[in-house]
Each structure stands twice: as structure tokens, then as C-alpha cells.
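Down below is the structure, laid out as C-alpha cells.
Residue numbers run from 1 in the order of the sequence given.
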Amino acid sequence: MTPEEFRRYGHAVVDWIAEYQQNVERYPVLSQVAPGDIRAALPPEPPEQGEPFEAVLRDVDSIIMPGITHWQHPSFFAYFPGNSSGPAMLGDLLASGLGVQGMLWSTSPAATELETHVLDWLAQLLDLPDRFRSGTAGGGVIQHSASDAVLCALLAALHRVSGGRTERDGVAAGGYTVYTSGQSHSSIEKACRIAGLGADALRKIDVDPTTHAARPEHLRELVAADVAAGLTPTLVVASVGATGTGAIDPVGALADLAHDAGAWIHVDAAWAGVAAVAPEFRWINAGVGSVDSYATNPHKWLLTNFDCDTFWVADRAALVGALSILPEYLRNAASDSGAVIDYRDWQVPLGRRFRALKLWAVLRWYGAEGLRDHIRGHVALAQEFASWVAADERFELVAPHPLALVTFRLTAGNEATLELMNRVNASGALFLTHTVLDGATVLRLAIGAVSTRHEHVAAAWQALRAAAG
Ligand code: PLP
């Protein structure tokens, strides 16, 4: 593709996306295809001759679009949001256009330095502790996902608690243990598996029956029992905005216990953390002043399309100690000087995209003011939705809902609740998901799409009420 052809088709693609943004409401939120439908429409053989790009765009319309679940639809209320925005897409396009691989500072100094700078900016915007800023022993890095962040936190924790022995000897003999609440995300168990600890190394901290937040007293008991058994408490993961209910753990109390036990404490604030752009929501981060690491996903609720997880550590030496291997072919004068950051040492893969460009574009386009409005608007809509649920005796609220996730159910029971969800989702008019809490089926309505307005939330409530019978 020549630059001229790229210009022509690039304009066509940008027009296509703008059109999609304008018309996204016309689609059913949840894709209506059956398993195998999309593949059945694709030719079995790859093309022998190159095809014009128009043919690709035509097939996007006819084959791909029916198989899309529309995350940017204003009535997408499932999981947690996966925001996308114009500036983020354009920043991503620039990154693709530059095509740099920023594994080392020297492979594109701007990719590293912009990332360091933008992570400092975001830490400032979220009012995170100074110890996460790049001018200290700590600093920030963009990870692919919150799952990568917790894996990196675990590897750094193992490095620290073993004095670096785990990189040499493995983890088999260490008796390393990890703690998090039963409400925390499954990525923590996955990290235990990947790191070689096994899922049995993970202890689930009991939660408070009302707030669904981890109970520090139970963590204390779990740690004491493990220490008595000769095991090594290694990592505690606190959730700020747990996936099922949005529960917020008492981070300070968990951090104190973790530190007393010599363990690393990581905060998984994948969804909720970005709410701290608005000062009135900064209470969610109470206690993070003494944690070892913190992760939140601008790719969930801060207008930055996937992938962009922001991960900060207070002690970069432990992270780099866990992940750095220096083969001769990567040696260069800048790295040898010790004066630069090589982000390959802060993550699992070697290669990395220039993701800072899209986050930079978002922060500059919206400004702190625009980001605060974005978060506040969704929280206000969720509060209104919760008030409607509370006023209808057929429904009940299930957990505290200080942000933009509302959990609720039909008082008629599990089966009725699940049926209700299936009915409204099948209509294509909206999409929400469920979880199970203490044996009860619970619906989750997460507000966060950029295009969601009052009318969409009101329509969702009308649909739920009508389907509830
Ligand atoms: N942690 C929490 C609290 C989450 O809600 C999620 C995903 O929803 C994750 C971690 C995993 O996120 P990612 O897809 O970035 O790995």
C-alpha cells in the first residue's frame, strides 16, 4: 500500500468509524449470531492474490458487524465498560503509524519518556502517593492489562521476599502464600498459577456480609496460621472496586498487616481507580499511601481504548530485579549508563507498543475538567438508577453502590432474576451481566459507555420493569 493509497483508504476508515459512532444505537447491543456463523461466512482459503481494501471494508460491514457486541453502545451495561474515544483512537493510530517497538529507551526515547511523564501526570490527577512518581525509587508503567499488573506485582513480591532467590531456584521450595478476598478478580489466582505457586497458594480472605469488603481480622488469622506452618506470606491484593459488587477493601488495614508479615501489598483498582480524578471520590483510595503497587485501567472507564492498564510501584528495584535479563544483543550505551528506563524490564513481554500516545491524547483533549465530568456523569446516572430500584418492591439492591455499578435482584429469587436478565439481553435493546453472591443471583448494571445518557438508563429501567412482569 503506497502512502497515497493509505491516505485514501485511511480517510475511508476514519469516515467509517465516525459513521459507526453516530449510528451505534441502531445495532442490537449484544451480537445475535450463533457459534460458527462468522467463520461460515469466511472463505476457507486465504487469498492467493491481493485484494482491494474496499473488499475488506465491504466484508467488515457484511460479515464482521453482525458478530460485534457493541461495547460503545449507550445501552451497554455489562461487565465493566471498555471505553473508547476519538482522541484515544487517533493516538493509537499515530502509534500504529510510527510502528515503533519501545522495549528499550534507545529503541525510541520518546516512547519511554512520554510514558514516564504521562504516568506521572495520571498519578497526579488521581492524587496517588508521591512514592509512585518517577523522580523517586518508584514509578509507573503501562501494562497490557490489570492481569499483567498483578502478575508483575507477584513476581516483584517473590523477588523481594526471597532476596532474589526465586529467579534462580524457582518457587517450589518457598512455601509462598498469597491473600485476597473472595470478591477479588480471578486474575490473582491466574497469577499464582503462572508464577508456579499453584492455586492452592491463594488464601481467600472472608468479606463483610454488608460491604463485601475483605475483613482484616481474617487476614490476620490466615497469615498467623501460615507463619506458624513455616510458610512465607508474599503478596496481599486489596481490591478497590471488586468485579462482582464494586466492593472497596480497607486498604490501610490490609497494608499494615501485609507489611507486618513482610509481604507486598498490591491494590487492584482496575475499574474504580480512575474515579479518583474527581476529588469527591478520592476516599476510595484511602490507605494507598503505604502500598507497594497500584493498578487501574484507563481502558475501562477513562476514555482510552483497550489496552491501557496503568501500574505504579513504590520500589522499582524489586520489579526490575524480578524481570530483567540482559542478553548481549540488547546491550546499549544508554542502558549501560543507568540513566534511562528500559520498560522491557517492567513487564513480562519484551516488545511493547507506544501506548502512551493514546493516553496522552486523552489527557490533553479532555483535560482534568473533562475527565471529572465524564466520571461524575456516570456516577450520577447510577445513583438515579439505584433510587428507582430501591423504590420498586419487586426489586432489591444488593451491595453499596457509591460509583457507577449497581447490583440488584428480583425478590422473587434466583431463577426469576436470571430469566429477567436473559429476556432483556435477548431483546438486543440493552446488555447487562450477572454474578452470584452468597448463593444469590445478582444483576450488575455498570454505567460507563461514553455515549450513555439519562434516556438510555431510563429506557433500561423501563425494560427491566416491563420484563419483571
Ligand atoms: N481486576 C478487576 C477488579 C477487574 O474488574 C478486572 C476486569 O474486569 C480485572 C482485574 C482484569 O482486567 P484486565 O482485563 O485488564 O486484565
Side-chain angles (χ1 to χ4, degrees), residues 71-72 76-85 88 122 125-126 128 142-150 153 180-188 190 207 211-214 237-249 251 266-278 280-286 288 291 293-312 359 362 371-372 374-383 385-386 398-407 431-435 437 442-450 452:
W71 285 67
Q72 309 311 320
F76 182 98
F77 302 114
Y79 310 109
F80 279 135
N83 276 181
S84 150
S85 71
L122 188 58
L125 284 169
L126 301 180
L128 292 177
I142 298 179
Q143 300 280 346
H144 172 63
S145 71
S147 307
D148 293 87
V150 75
T180 198
S181 96
Q183 288 298 309
S184 294
H185 193 262
S186 57
S187 52
I188 300 156
K190 198 185 254 191
V207 297
T211 62
H212 307 286
V237 181
S239 296
V240 168
T243 314
T245 58
I248 294 170
D249 288 338
V251 175
H266 172 68
V267 172
D268 176 6
W271 161 68
V274 298
V277 289
E280 67 271 31
F281 302 129
R282 296 211 172 127
W283 60 267
I284 63 173
N285 281 331
V288 303
V291 303
S293 54
Y294 183 99
T296 187
N297 287 357
H299 73 223
K300 279 188 163 55
W301 195 15
L302 203 67
L303 298 152
T304 310
N305 48 297
F306 199 80
D307 55 315
C308 184
D309 165 88
T310 44
F311 175 57
W312 290 271
L359 186 54
V362 165
L371 299 175
R372 287 194 290 267
H374 164 75
I375 295 290
R376 283 174 177 153
H378 290 150
V379 175
L381 289 174
Q383 299 315 305
F385 178 84
V398 171
H401 46 83
L403 298 174
L405 172 70
V406 182
T407 48
F431 181 30
L432 72 168
T433 46
H434 77 287
T435 188
L437 200 58
V442 171
L443 304 187
R444 302 169 66 266
L445 184 114
I447 298 177
V450 179
T452 303

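Distance check: T304 OG1 to D309 CG gives 11.5 Å after rounding to the nearest 0.5 Å. In this structure, T310 OG1 and I142 CD1 are separated by 7.5 Å, a value rounded to the nearest 0.5 Å. With rounding to the nearest 0.5 angstrom, the NE2 atom of H212 is 10.5 Å from the OG atom of S181. Atom-to-atom distance recorded for F385:CZ and I447:CD1 is 7.5 Å, nearest 0.5 angstrom. Rounded to the nearest 0.5 angstrom, W301 CH2 and L403 CG are separated by 5.0 Å. A distance of 13.5 Å separates CZ in R372 from NE2 in H374, rounded to the nearest 0.5 Å.
Here the shortest heavy-atom pairing between F311 and S293 reads CE1-CB, 3.6 Å.
Under the 4.5 Å side-chain criterion, counting only non-hydrogen atoms from C-beta, T452 is in contact with L381. Residues N285 and V251 form no side-chain contact, since every pair of their non-hydrogen atoms from C-beta on lies 4.5 Å or further apart. Here the side chains of W312 and V288 are not in contact, with every heavy-atom distance at 4.5 Å or above. Looking only at side-chain heavy atoms (C-beta outward), L405 and R444 come within less than 4.5 Å of each other.
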Evaluate the criterion side-chain contact (heavy atoms from CB on, under 4.5 Å) for residue pair H266 and V150; output intermediate values, then yes/no. CA-CA 7 Å; H266 172 68; V150 75; 3.8 Å; yes
Show your working on side-chain contact (heavy atoms from CB on, under 4.5 Å) between L437 and T245 and close with a plain yes or no. CA-CA 9 Å; L437 200 58; T245 58; 3.6 Å; yes
Determine whether T296 and L302 satisfy the following criterion, side-chain contact (heavy atoms from CB on, under 4.5 Å), listing intermediate values before the conclusion. CA-CA 10 Å; T296 187; L302 203 67; over 6 Å; no
Working for side-chain contact (heavy atoms from CB on, under 4.5 Å), residues F80 and T243: CA-CA 8 Å; F80 279 135; T243 314; 4.0 Å; yes
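Under the 3.5 Å distance criterion, the side-chain polar atoms of H299 are left unmatched by any main-chain donor or acceptor of F306. Judged purely by atom type and a 3.5 angstrom limit, Q183 has no side-chain atom pairing as donor or acceptor with the backbone of G246. Looking at S85, its side chain does come within 3.5 Å of a backbone N or O of L303 through a donor-acceptor pair.
Residues H144 and D307 have side chains that bring a donor and an acceptor to within less than 3.5 angstrom of each other. Side-chain N/O atoms of S239 and S184 include a donor and acceptor closer than 3.5 Å.
Ring orientation note: the planes of Y79 and F76 are tilted relative to one another, at an angle of 30° to 60°.
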